[in-house]
Amino acid sequence: MYDVPAEEVARANTLTVRDPVLRKGQRLFIPDAAPLIPVITLYPSEKWQYIIIHHSATDEGNALFFDKAHLRKGWDGVGYHFVIDNGTKGKRDGQIEVSPRWLKNMRGSHCRADGMNYRAIGICLVGNFSKDQPTPRQMQALVDLTAKLMKYYHISRSRVMGHGQVRGASTECPGTRFPWGEFNRRLNADLRS
Ligand SMILES: [Zn+2]
């Protein structure tokens, strides 16, 4: 992600490469880092047939913050596969956080309705879109990420939906003000390119 060998990262942080002991939320010093580029690792999988979009319904947050909240609910860590940040809690606006759930190819804990936890990729945007709108950078990140996942897993547009659009779900997530018109327009443009 930073074009720096793992051995150098380990040395700079007094970790052993073979068995690094890391805490959640631990900040690592990356020596001589190239500019951060978003790296979304895609794994071959038959599991992913849908993409479900959520909002956090909070003004602030990040993946670690939701991890703590979801652990308190008795879940096995942050329930989403991806979190798109809004510039709060130390994260950049539009930053895409990849959760351990995605890296480990685990089922979601984000939408029980219609069995979606077992077949849908969960993307959460930080914010409350029943009163606010996603930031321009969050929208850009969401369109980029969704298009990339749709292409790789051959997911059709009709299988990309808001949490509240799932059969049997009763929620207004991702918010009554989520800009579906803009999202569709930009997603279609991306998919055509
Ligand atoms: Zn939701």
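Both counts, for ligands and for their atoms, begin at 1 and track the order of listing. One is the number of the first residue; the rest follow in order along the sequence.
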Charged N-O contact under 4.0 Å between R119 and D114:
yes
Using the salt bridge (charged side-chain N to carboxylate O under 4.0 Å, His left out) rule, collect all pairs that involve residues 17-44, keeping only residues at least two apart or in two chains.
K24-D67
Tally every protein N/O/S atom whose distance to the Zn ion (ligand 1) is less than 2.8 Å; waters are neither shown nor counted.
3
All N/O donor-acceptor pairs, side-chain side in residues 38-46, below 3.5 Å, sequence neighbours left out:
unit_1, atom_1, unit_2, atom_2, d
S45, OG, K47, N, 3.0

With the threshold set at 4.0 Å, does a side-chain nitrogen-carboxylate oxygen contact exist between D59 and K131?
yes
Could you list the residues that satisfy side-chain contact (heavy atoms from CB on, under 4.5 Å) with R137, not counting sequence neighbours?
D93, T135
H110 and H81 aromatic ring geometry - parallel, tilted or perpendicular at 30°/60° bounds
perpendicular
